[in-house]
Amino acid sequence: MYRRSLLSLQSATLRLDTWINRVLPQDFNPLYYTGGLANLFLTLLVVSGILIFLYYEPSLEGAYASVEFLTRDVPYGVVFRGIHRYAADAYLVAILLHLFRNWFTDRYREARDSQWLSGMFLLVVSGFAGFTGYLLVWDERSQLLASLTVQALRSVPLVGDWLARVFLGGPGVNDTTLPRFLFLHVGPAMTLYVLLWWHYVRLRHPKIWPPSVWVLFSLGLLFILASALPATSGRPAQPGASPEGFAVDWFFLWPYVLARWMAPGWALALVVALVASGMVVPYTLRETPEQRGVRALGQAVVVEENCTGCELCYYDCPYNAIYMVPSPYPGKSRAAANRKLLAVVVDSRCVECGICIGACPFEALELPRMLDKDVQQRIQRGARATAPVSS
Amino acid sequence: MATVPDRTPQAQEGAPRVVGFLCDWAVRSEGLLNADDTLVGMPHVTVIRVPCSGFVKPGWLELALRSGAAGAFVCGCPMGDCLNREGNWIMEDRIDQLRKRLSRQKVDPERVAFFAFGLHEREAFLRAVAEFVDRVRGSGGKR
Ligand code: HEM
Ligand code: SF4
Ligand code: SF4
């Protein structure tokens, strides 16, 4: 059932591409650059975030006023605030598109699971930073979010009270609360870069930027949005007040919308369950390649006697699965006799694509179940099957 | 090859032999090939399915030309959508270089080509192959 729906989702995803490619040149299809778009919006978030940070004052009395000052009195402050808010939404949309695309086009399991897992961590940390961002304004919405969060944390068994204390920096909201929230916003944002290192470590030159047309388009769109629909605060937080409704940002605050219908603790449990199931996605379908309808040709194998250490395969492998090591012994072929380096394939990273085979000019790499000599035979058979009349 | 009804003498007449490589993830494969790996409706075109367009060695394309094929092509996924991230870009580059090499050897570089078509683009793929066959018709087997 799950398997079949994945297949039809794959088909639908690629159908959508076909339509987009009819309108745009193939290599401008934004769905091919969802990771790059996410990175673009993240960069804009960091830049606009630093500018906002210069004006922000993390204290109960000063926070709201400092944000208002930025919005009203600082030239272009309202634009930067707006960009920070809308880039966050665009960023989340981009990562979700990225997640679903990689899922539906079968780029998430086996040798690619490390990118999926790091991606899930990126998603969680991004979501958390998005939520803590809304705490910093310290308006009525922040107050309500904080109190719902405290309720949710308190209902965690055993460690609940302790978690709530850690969150607020004391038994209740106090003078250390907002500096703590500021850390809970900026800290995760910086953690994203550590996670991105993990995300990229197995990818050879990851496409971290979309085509420049899309960079300009996204920037323009954000500027227009930020100026036309300025990001605003609610009324300032009042000690002891219990605000009812507020304008929600569905992208980041949906668990709090749920908390309207269920106890905050259950909303938290739901989020945890969703994340946990996301983490196991690469390991849920235990099927053989035949069941998947995929030819598994085996991981690339280096034919050691022929390898000359030329490094061409190393530069072409898109998954960084080839390492060049100092050659432990000379090769057999003439070209390989004086080699300094030897190529080694890291099996756990190899996706069996064969790109290194196409790169190797010395017949020193093979996919075990599609050997060079067999391909050559088929080529010759095809080329000769019937002599063309013109020859 | 009794299973190939459309291999009529007329189809062979004057049709140059072409060898192509087609990525497993590109054009949908069901009903695309005859039992002997020739393309349906184009028995003079042999297609070898490969795990990724980037698997193809430029030497294989040269081998095809040397063995009597009038042309050789590689078809990968749409640019930007390679399952293995870069296979089709890399292959496009390799074909560009191969073309330069061929011109230096006084072989018509138009005899090798790169295509990019997705799962649902079988018609466009078949049209591109037919056009390619027409293009190489003149230079068939010369070498
Ligand atoms: C901060 C958010 C993220 C950014 C900036 C990001 C960026 C990228 C980039 C630039 C690539 C390389 C694409 C390429 O060159 O082909 C990539 C690959 C990948 N990402 Fe993300 N990503 C993010 C979040 C996620 C999430 C949430 C998931 C899913 C859970 C995910 C799953 C993957 C996978 C599976 C690949 C490998 C694709 C392949 O092997 O072709 N990423 N990401
Ligand atoms: S087949 Fe070669 S290029 Fe592809 S992932 Fe494995 S080692 Fe890298
Ligand atoms: S391309 Fe071939 S010869 Fe060169 S390092 Fe890789 S395996 Fe060795």
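Heavy-atom basis, side chains included; hydrogens, waters and symmetry copies ignored. Quick note on labels: first sequence line is chain A, next is B, and so on, each numbered from 1.
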Working to the nearest 0.5 Å, report the span between CD of A/Q26 and CG of B/N88.
8.5 Å
Between atom CH2 of B/W25 and atom CG of A/D106, what is the distance when rounded to the nearest 0.5 Å?
4.5 Å
Considering only heavy atoms from C-beta outward, does the side chain of [X] approach that of [Y] to under 4.5 Å?
X      : Y      : value
A/I355 : B/I90  : yes
B/E86  : A/L203 : no
B/V19  : A/R381 : no

Report which part of [X] has an atom under 4.5 Å of a heavy atom belonging to chain A: side chain, backbone, both, or neither.
X      : result
B/F21  : side chain
B/S67  : both
B/C82  : backbone
B/A124 : neither
B/R28  : side chain

Picking from [options], which has the most non-hydrogen pairs under 4.5 angstrom with chain A?
options                     : value
B/V45, B/T46, B/D24, B/L119 : B/D24
B/A116, B/G118, B/P58       : B/A116
B/R49, B/M91, B/H120        : B/H120

Side chain, backbone, both or neither of [X] within contact of chain B (heavy atoms, under 4.5 Å):
X      : result
A/I379 : both
A/A296 : neither
A/C356 : neither
A/P361 : neither

Counting only heavy atoms not in B/F125, do more than 12 fall under 6.0 Å of its CZ?
yes
Just wondering, are more than 12 heavy atoms of other shown residues or ligands nearer than 6.0 Å to CZ in A/F121?
no
Side chains of A/R107 and B/N84, donor plus acceptor under 3.5 Å
no
Could you verify whether a donor N or O on one side chain and an acceptor N or O on the other, from B/W60 and A/D372, lie under 3.5 Å apart?
yes
When only pairs under 4.5 Å are counted, which of [options] shares the most heavy-atom pairs with chain B?
options                        : value
A/R204, A/R295, A/R112, A/K207 : A/R295
A/V351, A/N29, A/D27           : A/D27
A/L365, A/L367, A/L31          : A/L367

Contact summary for [X] and [Y], nearest pair of heavy atoms:
X      : Y      : value
A/C353 : B/C52  : O-CB, 3.4 Å
A/A383 : B/A64  : CB-O, 3.6 Å
B/V50  : A/M370 : CG1-CE, 4.1 Å

Can you list the residues of residues 71-81 of chain B that sit under 4.5 Å from chain A, counting heavy atoms only?
B/P78, B/M79, B/G80, B/D81
With sequence neighbours excluded, residues passing side-chain contact (heavy atoms from CB on, under 4.5 Å) with A/L117
A/W198, A/M279, A/Y283
Can you list the residues that meet the side-chain contact (heavy atoms from CB on, under 4.5 Å) rule with A/Q299, with sequence neighbours excluded?
A/D347, A/C350, A/E352
Taking salt bridge (charged side-chain N to carboxylate O under 4.0 Å, His left out) as the criterion, tell me which of B/R85, B/K57, B/R94 meets it with A/D316.
B/R94
With distance as the sole test, does A/R378 use its side chain to make a donor-acceptor pair with the main-chain N or O of B/D37 at under 3.5 Å?
no
May I ask you to decide if A/G382's main-chain N or O and B/R17's side chain share a donor-acceptor pair within less than 3.5 Å?
yes
In residues 5-23 of chain A, which residues are in contact with chain B at a heavy-atom separation under 4.5 Å?
A/Q10, A/S11, A/L14, A/R15, A/D17, A/T18, A/N21
Report the C-alpha separation of B/F55 and A/L297 in whole Å, then their side-chain angles, then the decisive distance to 0.1 Å, and conclude whether the side-chain contact (heavy atoms from CB on, under 4.5 Å) test is met.
CA-CA 11 Å; B/F55 172 62; A/L297 300 170; 5.8 Å; no
